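Here's the structure, in structure tokens; my notes come after.
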Protein chains: 2
Amino acid sequence: MAALDEVDEFRSSQELHDYLRHKGENVGLSTVYRTLTALAAADEVDVIVREDGESIYRRCSGTHHHHLVCRSCGRTVEVEGPAVERWADAVARENGFTEVNHTLELFGVCTACSSAG
Amino acid sequence: MAALDEVDEFRSSQELHDYLRHKGENVGLSTVYRTLTALAAADEVDVIVREDGESIYRRCSGTHHHHLVCRSCGRTVEVEGPAVERWADAVARENGFTEVNHTLELFGVCTACSSAG
DNA sequence: GTTGATATTGACAGTCATTGTCATTAGATC
DNA sequence: GATCTAATGACAATGACTGTCAATATCAAC
């Protein structure tokens with residue numbers, strides 16, 4: 001199953017399910033959800049929640065990073081921002097918050113899509 | 001309607017609807033959704049998408065800012081990070097992305113809740 | 001005050017991502 | 001092959017959100 005994260009772009013559960021079905025795999029939607037949730041819990045894939053509330057998944061490098069995602073085609077660039085991490089920690093500490101994590105994602109339109117559309 | 005954003009914490013549409021009904025207002029769920037969406041479009045309220053995909057709304061200051069939200073009680077601190085904005089713009093430009101916006105929220109546990117729990 | 005055009009409202013049904021259920025299936029062990 | 005157990009997949013259920021549409025409010029013109 002992990003071998004099927006060959007897409008290298010963020011995909012929703014349903015898209016992955018369709019993809020698998022069209023490849024001939026007879027796999028159930030429930031199993032896709034179960035597997036993705038399990039993989040996400042084990043930090044084997046990254047999850048982000050899109051603006052419309054749908055969760056999308058992608059195979060990623062193990063290090064902490066964020067994403068620059070094309071709204072149109074899903075192409076994804078992994079980006080790092082050590083300054084942001086430090087800023088987030090500092091802000092949390094100043095306000096007495098603990099167990100802080102942060103969500104930071106960039107959504108835009110990539111070169112290919114902006115020239116096409 | 002805008003006067004009912006007196007709660008000062010992030011609330012979902014449904015929570016706001018319940019709140020209004022319990023106050024005796026005979027307001028429909030559709031109207032709550034419509035109004036919140038309109039207010040959000042007019043930048044009168046801030047929207048963030050929680051990790052479970054539910055959208056929550058809050059009356060906020062007009063300037064661009066982000067939020068440090070207590071996972072337990074919902075208490076919210078508005079925070080600013082000009083450095084983050086600059087970083088996001090730079091990253092987007094370097095990768096040729098346009099129409100970029102970013103989601104950045106910090107979730108943690110505030111002092112009161114961490115000492116209580 | 002009444003009429004009529006127009007916009008807003010709210011009850012309700014529909015949509016869609018996600019989760020729960022449960023009988024069936026696959027795989028291991030005897 | 002029999003049996004036990006865990007994983008699977010078809011399908012129903014949930015819940016947030018959106019669409020529909022008749023009823024109501026608003027308001028200008030008469």
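Below, chain A is the first sequence line, B the second, and so on; all start at residue 1. From a predicted model like this one, the values you see are computed outputs, not experimental measurements.
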Examine C:dA11: is either OP1 or OP2 under 4.0 Å from a nitrogen or oxygen in the side chain of B:R21? Give yes or no.
yes
Would one find a side-chain N or O of A:Y33 under 4.0 angstrom from OP1 or OP2 of C:dT19?
no
Counterpart residues, side-chain contact (heavy atoms from CB on, under 4.5 Å), relative to [X] (two or more places apart):
X	answer
A:H22	A:D18
A:D52	A:R50, A:E54
B:I48	B:F10, B:I56, B:H67, B:V69, B:E105, B:F107
A:A83	A:R86

For atom [atom1] of [X] and atom [atom2] of [N], their distance in whole Å:
X	N	atom1	atom2	value
A:I56	C:dA17	CD1	P	13 Å
A:D18	C:dA17	CG	C1'	13 Å
A:L29	C:dT19	CG	C1'	10 Å
A:R11	C:dA17	CZ	P	15 Å

Which nucleotide span of DNA chain D, 5' end to 3' end, has atoms closer than 4.0 Å to non-hydrogen atoms of chain A?
D:dT8 to D:dC11
Produce a footprint string for nucleotides 20-27 of chain C: one letter per nucleotide, 5' end first; B if the base is under 4.0 Å from any protein heavy atom, S if only the sugar-phosphate is, - if neither.
B-------
When we call it a touch if two heavy atoms are under 4.0 Å apart, what does A:S55 touch: a base, just sugar-phosphate, or nothing?
sugar-phosphate
Under the salt bridge (Lys or Arg N to Asp or Glu O under 4.0 Å) test, which residues partner B:E9, sequence neighbours left out?
B:R11
B:S30 backbone acceptor or donor facing B:H17 side chain under 3.5 Å
no
What salt bridge (charged side-chain N to carboxylate O under 4.0 Å, His left out) pairs are there with at least one residue in residues 63-80 of chain B, not counting sequence neighbours?
B:R58-B:E78
Where each residue is assigned the nucleotide of DNA chain C containing its nearest heavy atom, which of A:G53 and B:H17 is assigned the position nearer the 5′ end?
B:H17
Considering only distance and modelled atom types, tabulate donor-acceptor pairs under 3.5 Å from the side chains of residues 88-97 of chain B, sequence neighbours left out.
unit_1: B:N95; atom_1: ND2; unit_2: B:V91; atom_2: O; d: 2.8

